[in-house]
*Asks:* 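My questions will all concern the structure given below.
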Amino acid sequence: MADDAPGDGANGANGSGDPDDSLVPAGLPSRGAYVLAFLSVVLAGAFGGIIGYGLVDVGCSGDCGLAVVAGLAVGAISAAVGVGIVAVLVLRAMAEWQRGGKRAR
């Protein structure tokens, strides 16, 4: 059982700090790039929700409770999905650029 102890280095998680035994492959974008991509998706979702709410609120008269909520949801989801697609493409391009333009096969 001593051979299966956590931190034995078998999976690279021994905490020694050596760059060779890291579980994260080289050539990936930095953590800051991932955080920035996540925050941009959240911010786009919030702004898309505001725009969807505003469009339905301006164009509707009378009791529009459900329509306003639907506009908010559709605007938020569509904006977040659109920015999410762009963010994934940017992160992939950054990873390829850091690898030197060579494709992993």
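Every heavy atom of this structure was used, including side-chain atoms; hydrogens, water molecules and symmetry mates were not.
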*Asks:* So, for A95 and P29, which heavy atoms are closest and what is the spacing to 0.1 Å?
*Replies:*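 Looking at all heavy atoms of both residues, the shortest contact is CB-CD, 3.8 Å.
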
*Asks:* Pairs under 3.5 angstrom only: tabulate donor-acceptor contacts from the side chains of residues 56-70 to other protein residues two or more places apart or in another chain.
*Replies:*
none

*Asks:* Verify the cluster assignment for Y34 and M94: are they in a single hydrophobic cluster under the rule of side-chain heavy atoms below 4.5 Å apart?
*Replies:*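 Same cluster: Y34 reaches M94 through Ile, Leu, Val, Met, Phe, Trp or Tyr contacts under 4.5 Å.
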
*Asks:* With a 4.5 Å limit on heavy-atom distance, are the side chains of L39 and L43 in contact?
*Replies:*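 No; the side chains remain at least 4.5 Å from each other.
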
*Asks:* For F38, does the CZ atom sit with more than 12 other heavy atoms under 6.0 Å from it, leaving out its own atoms?
*Replies:*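 Atom CZ in F38 is not crowded, with 12 or fewer foreign heavy atoms closer than 6.0 Å.
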
*Asks:* Which residue, V88, V81, V83, forms the side-chain contact (heavy atoms from CB on, under 4.5 Å) with I85?
*Replies:* V81

*Asks:* Give me the atom names and distance for the closest heavy-atom approach of A79 to G48.
*Replies:* CB-CA, 3.8 Å

*Asks:* Between atom CG of L72 and atom CD1 of I51, what is the distance when rounded to the nearest 0.5 Å?
*Replies:* 11.0 Å

